[in-house]
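Counting convention: from 1, in listed order, for ligands and their atoms alike. Residue numbers count from 1 along this sequence.
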Amino acid sequence: MGDKTYLEWPFFDARHAVLERELDAWAAQHIAQQHEADVDAACRHLVRQLGDGGWLKHAIAGAAYGAMGEGIDTRAICLIRETLARHNGLADFAFAMQGLGSGAISLHGTAAQREAYLPRVARGDAIAAFALSEPQAGSDVAAMQCAAVRDGDHYVLNGEKTWISNGGIADFYVVFARTGEQPGARGISAFIVDAGTPGFAIAERIQVIAPHPLARLAFSDCRIPAAQRIGEAGQGFKVAMSTLDVFRTSVAAAALGFARRALDEALAHATQRKMFGQALSDFQMTQAKLAQMATGIDAAALLTYRAAWQRDQGRNVTREAAMAKMTATETAQQVIDAALQMFGGLGVVSEQPVERLYREIRALRIYEGATEVQQLIIARELLRAANTKEQ
Ligand SMILES: Cc1cc2nc3c(=O)[nH]c(=O)nc-3n(C[C@H](O)[C@H](O)[C@H](O)COP(=O)(O)OP(=O)(O)OC[C@H]3O[C@@H](n4cnc5c(N)ncnc54)[C@H](O)[C@@H]3O)c2cc1C
């Protein structure tokens with residue numbers, strides 16, 4: 001892989017460059033480039049490998065529970081996602097979901113909940129999932145209908161969740177359901193639901209363009225002990241948003257990894273492909289494209305690591321994370337498309353690296369808040385600041 005001088009940027013501490021170098025070497029040795037036919041088995045295997053390699057320690061918080069540190073080091077999870085995405089999209093997915101799926105427990109769980117789940121997540125013994133979206137509540141999360149009704153020392157869950165990554169292979173799911181303390185976003189709570197709990201079923205497996213385990217979940221009179229609730233009743237929306245605040249910046253980092261890989265592939269191809277008596281890279285039109293790609297990647301990287309660094313300073317990153325996610329995912333799509341174009345017919349051949357990247361990047365512009373949702377967040381923050389100044 002090309003230029004790594006960005007690791008010298010002031011956003012990073014010395015340990016971050018070491019982490020990137022070690023993971024890069026580990027990934028080159030341990031994770032295959034190709035997509036496996038059995039995506040469930042491939043994903044389980046990757047979680048196990050990432051656990052054995054010690055990388056999942058970064059995905060959780062709390063040294064007593066097997067984490068690298070007391071909090072989640074945002075720059076570390078970004079570098080890990082970027083590096084894994086450069087090697088293998090499914091490895092990035094496996095890492096990210098261990099973090100996102102257990103993030104609510106890391107951030108808001110009781111000591112008993114942390115003890116029961118986090119060490120297993122860090123070792124790769126338990127696979128995690130994050131179940132927020134519903135058929136009628138995607139971008140508009142607060143419209144969720146899946147309900148949890150208190151019944152003595154239990155809650156009874158009824159309803160559906162969809163687009164749930166790791167659905168079908170997860171050992172536990174952090175599920176958000178309406179508990180009705182107040183209308184809308186203030187009447188939602190978070191629960192840990194173990195796979196195999198009676199009344200909980202995988203209703204449908206969903207196939208997507210870059211295959212990974214994905215499912216629709218159904219709850220039918222599913223009884224969950226009240227001790228499985230994460231945080232206060234009615235605070236589930238905050239639990240979800242604070243979890244997403246940590247991991248949204250890491251989606252930008254994954255996009256960055258895909259984009260860097262595409263640029264590497266494009267450079268290698270353009271310099272060796274001969275046409276009209278010279279190399280493809282000798283043409284100024286190709287050079288303009290390469291310049292655009294490299295500049296877009298650096299701009300996205302600056303926004304990504306600015307947001308990660310700012311969060312690690314303990315500051316709010318709502319606006320910065322949205323800017324990073326929007327810019328990195330949209331830029332990566334353009335970079336990958338430009339790389340594919342340079343490959344000509346080879347670019348659309350199944351399982352060629354650029355063909356895979358072209359499929360891998362697409363969903364990142366949609367999940368954890370589509371680009372349009374990020375635009376709304378950025379504008380809301382800007383207008384709030386402007387209105388406060390006026391008063
Ligand atoms: C591969 C994949 C994995 C996923 N994994 C998970 C998971 O693990 N857990 C989970 O809970 N969810 C997951 N999701 C769901 C994801 O978060 C939702 O798909 C996303 O929030 C969008 O919701 P939706 O699909 O219902 O689209 P909709 O909400 O119907 O939005 C459709 C489109 O409308 C546009 N739009 C949205 N808001 C506005 C607006 N205000 N103004 C103008 N245009 C707008 C956007 O372009 C958006 O893409 C996953 C999705 C995918 C594709």
Minimum distance, heavy atoms only, to [atom]: which one of [options] is it?
atom	options	value
atom 11 (O) of ligand 1	A240, S133, G101	S133
atom 35 (C) of ligand 1	H212, E372, M144	E372
atom 28 (P) of ligand 1	A137, G138, S139, A170	S139

Ligand 1 versus [X]: contacting region, heavy-atom distance under 4.0 Å:
X	result
L376	side chain
T371	neither
L214	side chain

Inset, instruction - May I ask you to check if ligand 1 and F130 share an N or O to N or O distance below 3.5 Å? - result: yes

Legend entry - Flag, side chain of D337 to backbone of Q333, donor-acceptor distance under 3.5 Å: no

Inset, instruction - Indicate whether the side chain of E330 and that of T371 have a donor and an acceptor atom separated by less than 3.5 Å. - result: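 T371 and E330 do have a side-chain donor-acceptor pair below 3.5 Å.
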
Inset, instruction - For the residue pair R311 and T74, confirm or rule out a side-chain donor-acceptor distance under 3.5 Å. - result: yes

Legend entry - Neighbour count above 12 (heavy atom, 6.0 Å) for Q272 CD: yes

Legend entry - Of F237, F130, F191, the residue whose pairing with F176 passes ring-ring contact (aromatic ring centres under 6.0 Å, His included):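 It is F130, the one option of F237, F130, F191 that forms the ring-ring contact (aromatic ring centres under 6.0 Å, His included) with F176.
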
